[in-house]
Amino acid sequence: MECDRVVVLVVVVVLLCCQFEASIGLTFSSKLIHRFSDEAKSLSISRKGNASGDLWPKRYSFEYFQLLLGNDLKRQRMELGSQKNQLLFPSQGSQALFFGNELDWLHYTWIDIGTPNVSFLVALDAGSDLLWVPCDCIQCAPLSASDYNISLDRDLSEYSPSLSSTSRHLSCDHQLCEWGSNCKNPKDPCPYILNYDDLENTTSAGFLVEDKLHLASVGDRTARKMLQASVVLGCGRKQGGSFFDGAAPDGVMGLGPGDISVPSLLAKAGLIQNCFSLCFDENDSGRILFGDRGHASQQSTPFLPIQGTYVAYFVGVESYCVGNSCLKRSGFKALVDSGSSFTYLPSEVYNELVSEFDKQVNAKRISFQEGLWDYCYNASSQELHNIPAIQLKFPRNQNFVVHNPTYSIPHHQGFTMFCLSLQPTDGSYGIIGREYAPRHVGFAYLLSLTIMV
């Protein structure tokens, strides 16, 4: 049965305000506060005493995200009813970590592989399929935490199949060995080489092995439990380009629709429904859940096949609007890629959009030689509130509004400077990148991808 693939664009942080004005002129209102805010903490202490404050989770700590995740899952079970399968996430937690420019603006998560288990900090990439980690290295990035200007409580790891009792080589005649034609003997270990087209000379090469990925599960009416799932991973002996320079130094988890990706293998094993969600919020944090179908209220649009095959998460953008002006010749295909930090548009589309944006923005355009973008402006704080929104229109009458599509740089020559954080590409399709914060927003910084059977 062919899968109906959809992409779901999600606002993770929702502010609700409800007012009802009665006919007699009275107004009733409700106030919502975050369950782990300082205000909620003070209310809890006043009701339960000081002990409650001592147990309060530290903001953005592992315990903080565990509690948030637990509440999310409870709500999903209440709203969606019983689910056919469980929800899975990495055994160290579902949190997606962000380190800014220090690790190439990507989101990462800790995973455990092998027996005994070894931890890896892998980049999350919806634009590729293979999970690979540095392995029996010939040419790998440094793995000492001190080599990176980030806060880590441990060094990064190197994998070795010979040290894991559950590992086995994939042979060249295995159905998942795409590179078997390069083998002399069908029983030789299957080689792989990945070229990341959007990054110059960025490669990973080695051979394929099968081993255990350590996961945690939460299902309907079940408590959290640990389990292991067989996955295929690349023993990355040689990295090149950005990977050798320190982008994703501890590997990449490809989340694409290919048969070799972790979500596909988990679904084929019957452990999850054929879907996953990858969400980022306005605090640069996020989470990943395998088997998560999302909420029925989320907007969706179908993925598009390329030459009859779902090789990646391509969507069709029917048109787009800047402010109240919707442009006519604006249809294009776009790859939804969590591994791309920015959003790229085909040159013709880019030129039309930025020209319209430049007409509507109420600020002085400036030349900023140190910047990455062509359309930058000096503005007062008041003008920053009047930046025109950009709206993407998808099939099925689905819309996604980007309210602030800019990157802000404060205190530039006495003004706040902002740039339209889009890039042109010579390719035939665009790339909807993840964008690393609302102040640096692109078309999909708050994003959930879902593949649904």
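No hydrogens, no waters, no symmetry mates; every other heavy atom, side chains included, goes into these values.
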Tell me whether the guanidinium CZ or amine NZ of R237 lies under 6.0 angstrom from the six-membered ring centre of F207 and within 45° of its axis. no
Non-neighbouring partners of E210 that pass salt bridge (Lys or Arg N to Asp or Glu O under 4.0 Å), sequence neighbours left out: R168
Decide yes or no for W110 and F120: does some side-chain heavy atom of the first lie under 4.5 Å from some side-chain heavy atom of the second? no
Audit row: L420, L353, side-chain contact (heavy atoms from CB on, under 4.5 Å) steps and yes/no: CA-CA 10 Å; L420 184 62; L353 187 148; 4.2 Å; yes
Where the side chain of H174 meets the backbone of L176, is there a donor-acceptor pair that is under 3.5 Å apart? yes
Return yes if some donor-acceptor pair links the side-chain N/O of S261 with the main-chain N/O of G258 below 3.5 Å, else return no. yes
Under 6.0 Å between the ring centres of F303 and F314? no
Using the side-chain contact (heavy atoms from CB on, under 4.5 Å) rule, take D125 and D337 through it: C-alpha gap first, then chi angles, then the decisive distance, then the call. CA-CA 7 Å; D125 182 20; D337 180 15; 2.8 Å; yes
How far does OG of S217 sit from CG of L289, to the nearest 0.5 angstrom? 11.5 Å
What's the verdict on side chain to side chain donor-acceptor pair (under 3.5 Å) for Q92 and S119, showing C-alpha distance, side-chain angles and the deciding distance? CA-CA 9 Å; Q92 296 198 41; S119 298; 2.8 Å; yes
If you take all heavy atoms of F290 and P90, which pair is closest and at what distance? CE1-CD, 4.3 Å
Rounding to 0.5 Å, atoms CG (L266) and CD1 (I272) come to a distance of 4.5 Å
Taking the side chain as every heavy atom from C-beta outward, state whether T109 and V122 have any atom pair closer than 4.5 Å. yes
Would you say that V133 contacts V252 through its side chain, given a criterion of any heavy-atom pair below 4.5 Å between the two side chains? no
Is there a side-chain contact between Y344 and L422, using heavy atoms and a 4.5 Å cut-off? no
With a 4.5 Å heavy-atom cut-off, do C376 and F418 have their side chains touching? no
Test W132 against every option in Y192, F243, Y159 by the ring-ring contact (aromatic ring centres under 6.0 Å, His included) rule and name the one that passes. F243
Residues D358 and V361: closest non-hydrogen pair is O-CG1, 3.6 Å
Candidate pair S204 and K238, rule side chain to side chain donor-acceptor pair (under 3.5 Å), full reasoning: CA-CA 6 Å; S204 177; K238 296 181 68 175; over 6 Å; no
On a heavy-atom basis, which atom in P346 and which in F332 lie closest, and how many Å separate them? CD-CD1, 4.0 Å
Got a second to check how far L265's CG is from L213's CG, nearest 0.5 Å? 10.0 Å
Worked verdict on S242 versus Y196 for side chain to side chain donor-acceptor pair (under 3.5 Å): CA-CA 10 Å; S242 296; Y196 291 74; over 6 Å; no
Side chains of T425 and L345, heavy atoms from C-beta outward: is any pair under 4.5 Å? no
Can you give me the closest heavy-atom contact between Y313 and L255, atom names plus distance? OH-O, 2.8 Å
Reported CD1-to-CG distance for the pair I387 and N362, which is rounded to 0.5 angstrom: 10.5 Å
Which distance, rounded to the nearest 0.5 Å, do you find between the CG of L233 and the SG of C135? 7.5 Å
Walk me through whether I432 and L335 qualify under side-chain contact (heavy atoms from CB on, under 4.5 Å). CA-CA 6 Å; I432 297 179; L335 172 66; over 6 Å; no
Quick one: are the C177 and C172 sulfurs under 2.5 Å apart? no
Restricting to non-hydrogen atoms, name the atom on L156 and the atom on P249 that form the minimum distance, rounded to 0.1 Å. CD1-CG, 3.6 Å
Any heavy-atom pair between the side chains of V317 and V349 that's under 4.5 Å? no
So salt bridge (charged side-chain N to carboxylate O under 4.0 Å, His left out) across residues 170-181, not counting sequence neighbours, yields D173-K187
Let me see the working for L170 and V232 under side-chain contact (heavy atoms from CB on, under 4.5 Å), right down to the final yes or no. CA-CA 8 Å; L170 251 67; V232 175; 4.0 Å; yes
Do you know the tightest heavy-atom contact between K212 and S230? NZ-OG, 2.8 Å
Using side-chain heavy atoms (C-beta onward) and a distance below 4.5 Å, is L143 in contact with D250? yes
About how many Å separate CD of Q95 and NE2 of H107, when rounded to the nearest 0.5 Å? 9.5 Å
Short side-chain to backbone donor-acceptor contact, Y375 and S421, under 3.5 Å: no
Between E158 and C137, is there a donor-acceptor pair closer than 3.5 Å when you use the side chain of the first and the backbone of the second? yes
Considering only NZ, NE, NH1 and NH2 on the basic side and carboxylate oxygens on the acidic side, decide whether R287 and D292 come within less than 4.0 Å. yes
SG atoms of C183 and C190 less than 2.5 angstrom apart: no
